[in-house]
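Indexing begins at 1, ligand by ligand and atom by atom, following the structure's order.
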Amino acid sequence: MDHFLYRNGELHAEDVAVADIAAAVGTPFYLYSTATLTRHFQLFDEALEGVDHLVCYAMKAASNQAILKTLADLGAGMDVVSGGEYARARAAGVPGEKIVFSGVGKTRSEIRAALEGGVRQFNVESEPEMRVISELAVSLGKTAPITVRVNPDVDAKTHAKIATGKSENKFGIPIARAREVYAEAARLPGIEIVGIDVHIGSQLTDLAPYELAYDKVAELTEALREDGHNISRLDLGGGLGIPYTRSNEAPPLPSDYGAMIRRTLGHLDCEIEIEPGRLIAGNAGILVSRVIYIKEGEGRRFLILDGAMNDLIRPAMYDAWHDIVPVTEPAAGVDLQPFDIVGPVCESGDTFAKGRMMPPLAEGDLVAFRSAGAYGAVMASEYNTRPLVPEVLAKGDQFAVIRKRPDFDEIINRDTIPPWL
Ligand code: LLP
């Protein structure tokens, strides 16, 4: 469920007409709904009601500070994977003790910044990383709370590029070696073991792989406790999938997920952390774009938009499907025609959809890519020197630009021509 609905024949974000925002901001742009972000966060929070828990939003999904503040004000913690994300979360007002630091290649300067600024825990991904954290913590006179991310070797049954829980993936420490790694952690100075971390992939549409992984985590918790370690916190990662089409997809709900967590891990009396990204932001955002031309090709018709692969890379990168809808509601029963929907970038990969059945559209019309709130704006680039796509947040009948479109000078002036050239 989201808050992008047709009203009087016009797509609205909450109570604002999308066309009015387009007129004010220009296209393309990302548009988020506060009510949808709020609702999705609360679904997770409620799913774990009665269990000691913290929902740490995986801010890689959509990291604008206005989004972070919206969620942090509701009580969210953050899952960060870089020094930049850590700084952004802090800038948005998130306290260090609500920030979980994940990521397979944390650098010394990133670790130092988090130790100095405060961090809830590091989710350690390798022994060398653990040794560096220990060394830096000792040199700063701090104690670093850690979990070890274990790789449970389960198949998440998702797109290969976003599966992380198989032994061939670069993530985590093989679960079979976990006891040995925790033993070393316990010997290292400056380190405090607080729990276990696991994340098996993204866009999971079945709870079975989670359950397999969490059963293994439950077993490991008991084994590590027998070894004398303090396992009081379980970070269960993110990954719950969302429907990308309105029609037939029905991935498990956060409440189903919460019930499964209680069933598999409830008896361990641990604090539960989860790191959802996509489910909170995905259907809370759309990408709005305008039709530049309609071009008749050899046996196909191209809808050329002003949005491109640099603005939304998911179709090019993962063959991802996004529903694309006209901003003006088509008349009921209107004839649909196949279109190849493309952007202006000079690559054939700049194709959002092939043979997509669409209602009649004309040059100048607005369209919206649905389910674009997660891994949309954050993965945008300035390829082809196209300005980084702006972001807008709606709340009730208000909207605000939360990242403005840079002008050409801002982009060009970032380059420096050396004096010897
Ligand atoms: N925690 C960790 C350690 C992660 O690596 C991720 C996502 C998450 C949490 C959040 O997962 P989510 O709840 O959003 O599924 N760019 C890809 C998705 C990459 C996901 C990377 N890790 C896409 O557009 O589909």
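- Contact annotation: for Asp79 versus ligand 1, heavy atoms closer than 4.0 Å belong to the side chain alone.
- Any N or O atom pair closer than 3.5 Å counts here, and Ser102 shares no such pair with ligand 1.
- Proximity of Pro276 to ligand 1 is established by a heavy-atom distance of less than 4.0 Å.
- Residue Leu279 places every heavy atom at 4.0 Å or more from ligand 1.
- No heavy atom of Ala61 sits closer than 4.0 Å to any atom of ligand 1.
- Taking the side chain as every heavy atom from C-beta outward, Phe101 and Arg120 never approach each other to under 4.5 Å.
- For Gly277, a nitrogen or oxygen atom sits less than 3.5 Å from a nitrogen or oxygen atom of ligand 1, counting backbone and side chain alike.
- Note on ring orientation: taking the six-membered ring where Trp is involved, the planes of Tyr257 and Tyr214 are tilted (angle from 30° to 60°).
- At least one heavy atom of Met379 sits closer than 4.0 Å to an atom of ligand 1.
- Here the side chains of Ser82 and Glu110 are in contact, with some heavy-atom distance below 4.5 Å.
- Taking each of Glu275, Arg149, Gln203 in turn, the one with a heavy atom nearest to atom 1 (N) of ligand 1 proves to be Glu275.
- None of Val150, Asn151, Asn123, Thr164 except one satisfies the side chain to side chain contact (heavy atoms under 4.5 Å, CB included) rule with His199; the exception is Thr164.
- In this pair, His159 and Tyr318 present their aromatic rings perpendicular. The plane angle is above 60°, beyond the 30 to 60° band.
- Looking at Gly201 next to ligand 1, no N or O pair under 3.5 Å apart turns up.
- Residue His199 touches ligand 1 through its side chain alone, judged by heavy-atom distances below 4.0 Å.
- Ligand 1 is approached by Lys60 to a heavy-atom distance shorter than 4.0 Å.
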